[in-house]
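Report on one structure; see the data block that follows.
What you see is a predicted model, and the numbers here were worked out from it, not measured in a lab.
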Amino acid sequence: MTAPVFVVEHFDATGGGRYVLDGPEGRHAVSVKRLQPGEEVVLTDGAGRYALCDVIGTEGKDQLVLHMTSVSEEPPQQPRITVVQALPKGDRGELAVETMTEVGVDAIVPWQAARCITQWKGDRGLKSLGKWRATAREAGKQSRRVRFPEVADAATTKQVAALLAKADFAAVLHEERDYGSEPLATAELPAEGEIVLVVGPEGGVSPQELALFEEAGAKAYRLGRSVLRTSTAGTAATALVLGRTGRWS
């Protein structure tokens with residue numbers, strides 16, 4: 001198994017490369033992970049910068065003493081994959097964020113679609129957005145990423161259309177008997193640039209939204225014969241695109 005990942009704000013080691021991981025991350029490393037001298041860990045800012053370290057020892061219950069061996073930068077991967085995720089019911093939003101982060105999505109845009117039952121308004125909306133961002137952070141650590149996905153503010157349909165218009169490839173995951181859609185598995189994908197995938201709510205993308213997205217340059221695509229829930233469709237589509245573009249090679 002690869003080394004555990006911890007999030008830090010700085011990489012300032014003292015003489016001899018000594019670094020003390022403290023606070024909540026240090027407490028987790030010492031009291032929960034129970035890391036021992038000689039084990040390896042990775043420190044990251046979640047934005048691509050990371051350091052490889054060896055455990056020297058502990059100080060108290062919340063300080064892990066490390067020897068920092070190197071600091072590096074992981075460049076953004078190409079093509080960049082963004083998923084516009086309609087707001088699911090209950091905790092399925094966090095489930096979608098968690099699994100999309102694990103497979104490797106680069107950005108997630110919460111979308112207040114016309115047929116969404118869940119509404120992000122006022123303090124409740126801010127709290128829900130905070131949960132999505134915290135989930136992305138924790139899933140990024142768990143999956144050993146050093147560049148976590150960005151979780152944007154909730155977008156309106158017009159804002160999603162503007163995002164699609166700028167994309168190098170834009171797809172709306174939608175299948176309906178009377179609406180033509182192509183298989184995403186055979187779509188021509190760019191090797192670089194921005195890929196944007198739109199996942200609708202449980203009730204589907206409305207005809208008005210489809211028309212607006214088509215006008216912005218997005219086509220309708222389907223994943224397969226089975227119908228996926230909104231909380232799993234983005235993960236499946238991201239995995240498919242990662243494999244087809246060579247990012248999983």
Side-chain angles (χ1 to χ4, degrees), residues 5 46-48 74-88 91-111 113 116 129 131-155 160 163-164 166-175 181-202 204-205 213 216-249:
V5 173
E74 180 183 271
Q77 296 192 60
Q78 290 289 330
R80 175 181 165 88
I81 302 173
T82 296
V83 173
V84 176
Q85 174 67 58
L87 306 180
D91 61 357
R92 287 190 171 272
E94 289 96 281
L95 173 62
V97 172
E98 180 180 48
T99 54
M100 286 191 286
T101 298
E102 290 173 359
V103 299
V105 74
D106 299 297
I108 300 168
V109 179
W111 171 37
C116 283
L129 178 60
K131 286 183 178 180
W132 281 35
R133 287 173 172 165
T135 299
R137 181 181 185 272
E138 292 307 309
K141 290 168 54 179
Q142 185 67 33
S143 55
R144 308 297 197 258
R145 292 180 61 168
V146 296
R147 186 178 291 276
F148 302 162
E150 303 169 12
V151 179
D153 292 340
V160 172
L163 181 65
L164 296 173
K166 297 177 182 178
D168 297 280
F169 176 85
V172 180
L173 302 181
H174 181 77
E175 184 173 10
S181 60
E182 302 176 12
L184 186 60
T186 57
E188 185 175 348
L189 302 176
E192 297 181 349
E194 183 89 17
I195 293 176
V196 180
L197 307 171
V198 177
V199 179
E202 298 289 359
V205 182
F213 294 163
K219 292 183 178 181
Y221 289 89
R222 61 184 182 275
L223 286 173
R225 294 183 178 180
S226 60
V227 177
L228 301 180
R229 299 196 68 164
T230 183
S231 55
T232 55
T235 300
T238 298
L240 175 61
V241 170
L242 286 167
R244 294 199 55 226
T245 57
R247 281 184 51 175
W248 272 5
S249 298

Heavy-atom pair of closest approach, residues [X] and [Y]:
X    : Y    : result
A155 : V160 : CB-CG2, 4.0 Å
P79  : E192 : CB-C, 3.9 Å
A233 : L223 : O-CD1, 3.8 Å
Y221 : A170 : CE1-O, 4.2 Å
P110 : V151 : CG-CG1, 4.3 Å
A86  : A113 : CB-CB, 4.2 Å

Is it the case that the side chain of [X] and the backbone of [Y] share a donor-acceptor pair, with hydrogens and angles ignored and the cut-off at 3.5 Å?
X    : Y    : result
D106 : I81  : yes
T238 : T235 : no
R244 : L184 : yes
Q85  : T230 : yes
R144 : V5   : no
T135 : K131 : yes
D168 : E194 : yes

Please name all residues satisfying ring-ring contact (aromatic ring centres under 6.0 Å, His included) with F213, sequence neighbours left out, ordered by chain then number.
->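 F213 satisfies ring-ring contact (aromatic ring centres under 6.0 Å, His included) with W111 only.
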
Find the distance between CG (L164) and NZ (K219) and round it off to the nearest 0.5 Å.
->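 Between atom CG of L164 and atom NZ of K219 there are 14.0 Å.
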
Pairwise distance OG(S231) to CG(L87) - rounded to 0.5 angstrom |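 Separation between the atoms: 12.5 Å.
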
Pair E202 + R229: basic N to acidic O under 4.0 Å =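 Here E202 pairs with R229 in a salt bridge, since their nearest N and O are under 4.0 Å apart.
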
When you check the gap from the basic side-chain N to the acidic O, do E150 and R80 get nearer than 4.0 Å?
->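 Yes.
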
Of V199, V198, V205, the residue whose pairing with H174 passes side-chain contact (heavy atoms from CB on, under 4.5 Å) |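 Option passing the side-chain contact (heavy atoms from CB on, under 4.5 Å) with H174: V205.
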
Would you mind telling me which of L163, V172, V83 makes a side-chain contact (heavy atoms from CB on, under 4.5 Å) with V196?
->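 That would be L163.
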
Could you go through the side chain to side chain contact (heavy atoms under 4.5 Å, CB included) check for I108 and T82 one step at a time?
-> CA-CA 6 Å; I108 300 168; T82 296; over 6 Å; no

Taking atom CD of E74 as the centre, does the number of heavy atoms from other residues, nucleotides or ligands within less than 6.0 Å exceed 12?
->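 Yes.
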
Do T101 and R145 come within less than 4.5 Å of each other through their side chains, counting heavy atoms only?
->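 A side-chain contact exists here, since the closest heavy-atom pair is under 4.5 Å.
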
Residue pair T245, I195: steps toward the side chain to side chain contact (heavy atoms under 4.5 Å, CB included) verdict = CA-CA 11 Å; T245 57; I195 293 176; 4.2 Å; yes

For L197 and V241, what are the C-alpha separation, side-chain angles and deciding distance, and is it a side chain to side chain contact (heavy atoms under 4.5 Å, CB included)?
-> CA-CA 10 Å; L197 307 171; V241 170; 4.2 Å; yes

From CA spacing to verdict: side chain to side chain contact (heavy atoms under 4.5 Å, CB included), F148, K141 = CA-CA 8 Å; F148 302 162; K141 290 168 54 179; 3.8 Å; yes

